[in-house]
Novice: 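Take a look at this one; I'll ask things after.
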Amino acid sequence: MKQDIAEILFTEENIAQIVKQLGEQISKDYEGEEITVIGILKGSNIFLADLIRHITVPVYLDFMVVSSYGNSAKTSGVVRILKDLEEDIEGKNILIVEDIVDTGLTLAYLKDNLLRRNPKSLKICSLLDKPARREIDITIDYKGSDIPDEFIVGYGIDYAERYRNLPFIGILKREIYE
Ligand code: IMP
Ligand code: MG
């Protein structure tokens, strides 16, 4: 697996530091409130597990599965909900947790979809952001780090369902997906 990585962008230590800071900021901003954290599976799973352990206000968890790239490294632009929330979010503080914002199409769709369910508030947290590839304007309220326009894997993030278990985040060699 490791031989398929061209360059490590974030070591385990780098990631731990970023995630801790995000958790502390979120805890501060929601002081005295409760939040419903919505993980977008599967990519955000490992990030979410680490993040919520740095959140000190009460947290409810729910998950959504949306259609992604399949086995291709390019987005289709079509978003489908494969698994919806289990709970009603009306009147709740919602925090969407995503692994990467790329074109922004997935989050723009999800935000619009969830806002129609009348939450009290809705914010977005993404570990990584590829601003170079944005196709639609979307505000990321809590962002771990920007990354260059490369295909990355590790720490829950996959290529064709592989590499999720790498403890670091790295750039996948082009020859793997081209
Ligand atoms: P968007 O709708 O184009 O913003 O797509 C976001 C989703 O695409 C992310 O949640 C990831 O699942 C996936 N994605 C985007 N860039 C990468 C990448 O570099 N590696 C793996 N998955 C990616
Ligand atoms: Mg994803």
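Both ligands and their constituent atoms are indexed starting at 1 by order of listing.
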Novice: Other residues, nucleotides and ligands only: do more than 12 of their heavy atoms fall within 6.0 Å of NZ on K83?
Specialist: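 More than 12 heavy atoms, drawn from other residues, nucleotides or ligands, come within 6.0 Å of this atom.
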Novice: If the cut-off is 4.0 Å to any non-hydrogen atom of I157, which atoms of ligand 1 fall inside it?
Specialist: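 Result: 20 (N), 21 (C), 22 (N).
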Novice: How many angstroms lie between CG in L85 and NZ in K92, if you round to the nearest 0.5 Å?
Specialist: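 It is 10.0 Å, given to the nearest 0.5 Å.
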Novice: Please identify each residue that fulfils side chain to side chain donor-acceptor pair (under 3.5 Å) with N113, with sequence neighbours left out.
Specialist: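 N113 satisfies side chain to side chain donor-acceptor pair (under 3.5 Å) with R117 only.
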Novice: Taking 4.0 angstrom as the limit and counting only heavy atoms of K130, give me the atoms of ligand 1 inside it, by number and element.
Specialist: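 Counting atoms of ligand 1 from 1, those under 4.0 Å from K130 are 16 (N), 17 (C), 18 (C), 19 (O).
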Novice: Suppose we screen for side chain to side chain contact (heavy atoms under 4.5 Å, CB included). Which residues come up paired with T56, at least two apart in sequence or across chains?
Specialist: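 Checked T56 against side chain to side chain contact (heavy atoms under 4.5 Å, CB included); matches are S27.
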Novice: Given the side-chain rings of F168 and Y155, with only the six-membered ring counted for Trp, is the space between their centroids under 6.0 Å?
Specialist: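 Not close enough - the centres of the two rings lie 6.0 Å or further apart.
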Novice: Of all the heavy-atom pairs spanning D4 and L172, show the shortest one and how long it is.
Specialist: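 Nearest heavy atoms, D4 then L172: O-CD1, 3.5 Å.
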Novice: Measuring from the heavy atoms of E135, does anything fall under 4.0 Å of ligand 1?
Specialist: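 E135: no contact with ligand 1 (<4.0 Å).
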Novice: Do any nitrogen or oxygen atoms of L107 come within less than 3.5 Å of a nitrogen or oxygen of ligand 1?
Specialist: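 There is no such contact.
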Novice: Using a strict cut-off of 4.0 Å, indicate which atoms of ligand 1 neighbour a heavy atom of E150.
Specialist: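 Once the distances to E150 are compared, the set is 19 (O).
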Novice: Does S126 form a side chain to side chain donor-acceptor pair (under 3.5 Å) with D129? I'd like the steps, not just the answer.
Specialist: CA-CA 7 Å; S126 183; D129 183 11; over 6 Å; no
Novice: What part of D158, side chain from CB on, backbone N/CA/C/O, both or neither, has a heavy atom under 4.0 Å from ligand 1?
Specialist: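 Backbone only.
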Novice: Quick check: G104 and ligand 1, any N/O pair under 3.5 Å apart?
Specialist: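 Yes, since at least one N or O of G104 sits under 3.5 Å from an N or O of ligand 1.
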Novice: Provide the number and element of each atom of ligand 1 under 4.0 Å from a heavy atom of E98.
Specialist: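 Listed by number with element: 10 (O).
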Novice: Using heavy-atom distances, let me know which of I169, I100, I138 sits nearest atom 9 (C) of ligand 1.
Specialist: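 Result: the heavy atom closest to atom 9 (C) of ligand 1 is in I100.
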Novice: Considering only heavy atoms of D99, which atoms of ligand 1 have at least one such atom less than 4.0 Å away?
Specialist: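 So the atoms of ligand 1 that pass are 9 (C), 10 (O), 11 (C), 12 (O).
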